[in-house]
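Just so it is clear, the values below take in all heavy atoms, side chains as well, and ignore hydrogens, waters and symmetry mates. Predicted, not measured: the structure shown is a model, and the values here were computed from it. Positions are given from 1 along the sequence.
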Amino acid sequence: QEGAANGLSAALALQVRWKNQINSVSLLRQYYNRMPIRKKWRKAIMRGTMVMCEKTGQVRMPPVAISGYDEKTNPYRGRFEQLRSTRVWLKD
């Protein structure tokens, strides 16, 4: 019986806990997880397809530049799904 207890303590001594990153969550992921928004919007923000507006606190599309449209003189006012332009890129 003492040998079994000794073997158990040896097995426990070999186990190293909290030395890997299997269960760790990055600081950025923790920040996004604390946002008071729905999971699908949080996922879209992490993916980069949507951004959080600092002014209103709402989730919105990132600023995009569209060929054939100018932001000041001729902005595109339709839905993104109905856009027929061949070139669309994210603005920095």
Side-chain angles (χ1 to χ4, degrees):
Q1 190 173 12
E2 191 173 321
N6 194 10
L8 182 65
S9 64
L12 291 175
L14 291 175
Q15 262 189 343
V16 180
R17 299 183 70 196
W18 319 119
K19 293 289 184 184
N20 58 8
Q21 294 183 349
I22 293 173
N23 296 324
S24 65
V25 179
S26 69
L27 292 175
L28 186 63
R29 178 68 58 118
Q30 289 176 23
Y31 173 77
Y32 287 137
N33 286 344
R34 287 192 186 104
M35 288 179 147
I37 53 176
R38 286 178 59 185
K39 185 178 180 180
K40 73 178 206 177
W41 301 120
R42 186 180 303 128
K43 192 174 178 182
I45 290 173
M46 285 191 277
R47 197 182 310 124
T49 54
M50 300 291 265
V51 293
M52 195 79 170
C53 181
E54 291 88 16
K55 195 164 40 175
T56 61
Q58 293 178 329
V59 179
R60 64 179 183 87
M61 268 180 53
V64 292
I66 303 168
S67 69
Y69 295 94
D70 186 43
E71 188 176 330
K72 292 182 176 75
T73 60
N74 182 25
Y76 179 71
R77 290 192 170 91
R79 294 177 61 175
F80 188 74
E81 292 85 14
Q82 296 170 345
L83 180 63
R84 303 284 291 164
S85 180
T86 55
R87 287 189 185 169
V88 178
W89 62 95
L90 295 173
K91 290 196 300 186
D92 288 335

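Rounded to the nearest 0.5 Å, atoms CZ (Arg42) and CZ (Arg29) are 10.0 Å apart. Atom CE in Met52 sits 11.0 Å away from atom CZ in Arg60 (nearest 0.5 Å). Interatomic distance, Gln58 CD to Ile37 CD1, rounded to the nearest 0.5 Å: 11.5 Å. In this structure, OG1 in Thr56 is found 9.0 Å from CD in Glu54, a value given to the nearest 0.5 Å. Distance check, rounded to the nearest 0.5 Å: CD1 of Ile66 to CZ of Arg84 gives 14.0 Å. Distance check: Asn33 CG to Leu28 CG gives 9.5 Å after rounding to the nearest 0.5 Å.
Among residues two or more places apart in sequence or in another chain, the salt bridge (charged side-chain N to carboxylate O under 4.0 Å, His left out) test is passed with Glu81 by Arg79. Taking Thr73 as the reference, Asp70 meet the side-chain hydrogen bond (donor to acceptor under 3.5 Å, both in side chains) condition, with sequence neighbours excluded.
Residue pairs meeting the ring pair (Phe, Tyr, Trp, His ring centres under 6.0 Å) criterion with at least one partner in residues 34-70, sequence neighbours excluded, are Tyr69-Tyr76.
Between Met61 and Val51, the closest side-chain pair of non-hydrogen atoms is not below 4.5 Å.
A chain of hydrophobic side-chain contacts below 4.5 Å, direct or via other Ile, Leu, Val, Met, Phe, Trp or Tyr residues, connects Tyr31 to Ile45. Placement of Leu27 and Met35 in two distinct hydrophobic clusters is found when ILVMFWY residues are connected by side-chain heavy-atom separations under 4.5 Å, directly or transitively.
Across every non-hydrogen atom of Met50 and Pro62, the tightest pair is CA-CD, 4.0 Å. Of all non-hydrogen atoms in Gln30 and Val25, the two that sit nearest each other are NE2-O, 3.0 Å.
For Arg38, the CZ atom sits in a loose shell: 12 or fewer heavy atoms of surrounding residues, nucleotides or ligands are nearer than 6.0 Å.
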